[in-house]
Structures are given as C-alpha cells and as structure tokens.
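Below is one structure, written out as structure tokens; the observations come after it.
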There are 2 protein chains.
Amino acid sequence: MSPGPNAARRSESSRKAILAATEELCRENGYRKLTIEAIAARAGVGKTTIYRWWPSRGAIVLELLDETATVGTAPPNTGDLAADLRALLQEVIDIIVPADTSPGVGLMAESLQDPELGRALRERLIEPRIETFKQRLRQAQDAGQLPADADLEVALDLLYGPIYHRLALHLGMPDSDHLDALIAHVLRALTAPKAG
Amino acid sequence: MSPGPNAARRSESSRKAILAATEELCRENGYRKLTIEAIAARAGVGKTTIYRWWPSRGAIVLELLDETATVGTAPPNTGDLAADLRALLQEVIDIIVPADTSPGVGLMAESLQDPELGRALRERLIEPRIETFKQRLRQAQDAGQLPADADLEVALDLLYGPIYHRLALHLGMPDSDHLDALIAHVLRALTAPKAG
C-alpha cells in the first residue's frame, strides 16, 4: 500500500501527539527525566516512529518550541516602543518559567553541552526571532524614536541579556518595576548623545 | 588511630587531587561525560572518599570554581571605571569559553535543572561576587563617576546580561569592540538624565 492522504493524516496526528506528550511530560517531571520511551508511551506511538523523525529529545523540544513560541515574523507595533519591547521580553520570560519544568530551559541546558543542538537552536529558533526584534527597532528608527545610528546588536544584548543572566545565576526573573527600569535604561543608552 | 595532622594533610592532598582531576577531565571530554568514577580513577582515590565529601559532580565543580575564580572580595579599582568593568566581564568570559568543555558552563547547565544545586551556586559563588561588583560601583559613586542614585541592580543585569544571553543562545562571545560598546552604553544609561 502506497502512502496516501490517510497515511499523511495519520503521520501528522502522530507528530502532534508526540509534541503534546513531550510538553506534558516536561511540565510534569522536568526535562531531566524526559525520555524517548516515556514520550512514545504517552503519545501512543512506537519508539521507532519517533526516531524516524527526530534524532534526540532535544530535537523534539526544538520543534515543539518552534511551533508554540508565539513571536511571529512581524513584530508587535502599537507605536509605544517601550510597551512593545516589554511584550517581547515577557514572552521570553513566559517560556522559561518555571525553569526546572520548562521545555525551553531544558533545551538551553542540553544545548550548552551539545554544540550541534546549539547550532540548530540558534538557526531555527533564535535567529528568525532576532530578526523580528530588529525589525521593530528599525521601525522605531523610521519613526524617529531611536537614532538612525543606534546599535541594534547592543540593544539586543542589553534588552534580552538580563533575562538570561538572571536565569543562569538563579537570581529570579525581573519583577514588573525592574523590567520597566531595564527597558528605560536601555532606551536612554540608545538615545543619549555619545561622549566625545 | 585517631585522625591527626598526617590524616588532615592526606585529606587535603586528596581534595586537591580530586578538584584537579575534575578540571582536567572536564577540559578533555566535556562536563557531560564527567563521572565520579572517572574523577576517582584520575585522582587516585576511592569513590567513597569522594562521596564522603560531595554529594554529586556538580558539588565538586562548584568547589573547584569557588577556588579558582579569581574575583576576590576586593574589586579592581584603577580609577578607570570602564576598564575595571571590562576586567570583571573578561573574567567571566574566560570562565565560560569554550562552553562545551568549561566546568562553569557544565555547572550552569546542570543547575538549570536542579534547583538545589542552583541555590548553592547562587549563594556560594554568585552572591559574593555580585557584592564585589557593587562595591566597585559604589566606589564610582563616591568618586562622582556615577550618580548617587544610579540603579546598581539594573547595572548588574545590563553589564553581565549580554554574556549569558550570548552563551544561552549560541551567539558567540562579544569581541573587544562590542564589549567596549556594551560598557559605554550602560555607563551612558546610568549617567544620562532620566526623562520626566
């Protein structure tokens, strides 16, 4: 029997079941205890089905995040730059808390020790979202809210950096006031006249 | 036989051998492959000796980093604030590259999934060094290089954040020019007049 529409439908439903099982198990027990065996059992598929599509649990989580992370190719633009940046940062915070059962944090932790997975994470998940972020900053430049020569690479590091710093060093996520203060400081740095 | 000076000396030499073996094995094969068995074999001690002193490989690496990370209780103060901040940041960068064989990155990755180890990392390794960093900023405030009301918590996040952001997302460490630009932006943010 050749694979036809029914086979394709069955595959897609298996794929979705596998991603859903991965997310559920991670939220229940943490990424550390996530195994291909457990995912297969929960999704009601065979292990070979999983290994046909993905080389590792990290690859499954990468696909899961790519489908569920809501940052699209068009950035939010309400006209209020600080508010839009806050929405973008809040989205990252929502992905990484609570850290010990977050699929995103599990993937980050694993990719720190696996350069190949790290490269896939960067290329598939991160770079397109950095592009979306920069697009929003370019819109702010066009609107005269940021100088034309503002350093967008610096802006990226300064805005997103605190979240990862606090995650890596277990300092707790920024509260609402601290998040506002961070964004205000960065916008001030980008717009203040340079010395010399 | 009661433990006397000789026993204490033997213990200290075993402890040092265990820490050295841990560092060597991590640099050779990566944290991922680090096992208590391999550490014991390399250090020439029994596994029970290791388990008597440390509950896990993470705890050994924490002690290793606490002994080798050079940030002391007194911050560098050459009078040049940007240069001193750069020295502090460079020290962190030196600890985390290359990421896949760095004991520090291994510990960070593991502690992302182990809240208990994360708490030990923060209390033993991070908080004293944050205090050293803030001490340097307070000296800058006393010297009139930073406003008395500069937000030191924001400064901490903005200065160290980029390193962890780039580490977590596999964006590569900042080069020399980018590091200078980051520091210049943060100092501008801390000194520029606040809006409103």
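Chain A is the first sequence line, chain B the second, and so forth, proteins listed ahead of strands; every chain is numbered from 1. In this text the structure is predicted, and so the values were computed from the model without any measurement.
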Min side-chain heavy-atom separation A/Ile163-A/Met173 under 4.5 Å:
yes
Heavy-atom distance under 4.5 Å between the side chains of B/Gln141 and B/Asp149, does that happen here?
no
With only heavy atoms counted, which part of B/Leu158 is less than 4.5 Å from chain A, the side chain, the backbone, both or neither?
both
Can you tell which of [options] has the highest number of heavy-atom pairs within less than 4.5 Å of chain B?
| options | value |
| --- | --- |
| A/Ala168, A/Ser102, A/Ala109 | A/Ala109 |
| A/Leu125, A/Leu187, A/Leu156 | A/Leu156 |
| A/Asp114, A/Leu159, A/Thr191 | A/Asp114 |

Atom group of A/Ile130 that falls short of 4.5 Å from chain B, counting heavy atoms:
side chain
Which bit of A/Leu169 is near chain B, if near means a heavy-atom gap under 4.5 Å: side chain, backbone, both or neither?
both
Relative to chain A, which of [options] shows the most heavy atom pairs under 4.5 Å?
| options | answer |
| --- | --- |
| B/Ala181, B/Ala192, B/Pro115, B/Ser111 | B/Ser111 |
| B/Asp100, B/Thr101, B/Val154 | B/Val154 |
| B/Glu153, B/Met108, B/Arg166 | B/Arg166 |

Inspect the contact between [Y] and [X] and indicate whether a charged nitrogen and a carboxylate oxygen are less than 4.0 angstrom apart.
| X | Y | value |
| --- | --- | --- |
| A/Arg42 | A/Glu23 | no |
| A/Glu110 | A/Arg57 | yes |
| B/Glu131 | B/Arg138 | yes |

Point-to-point distance, once rounded to the nearest 0.5 Å, from CG of A/Leu19 to CH2 of A/Trp53:
9.5 Å
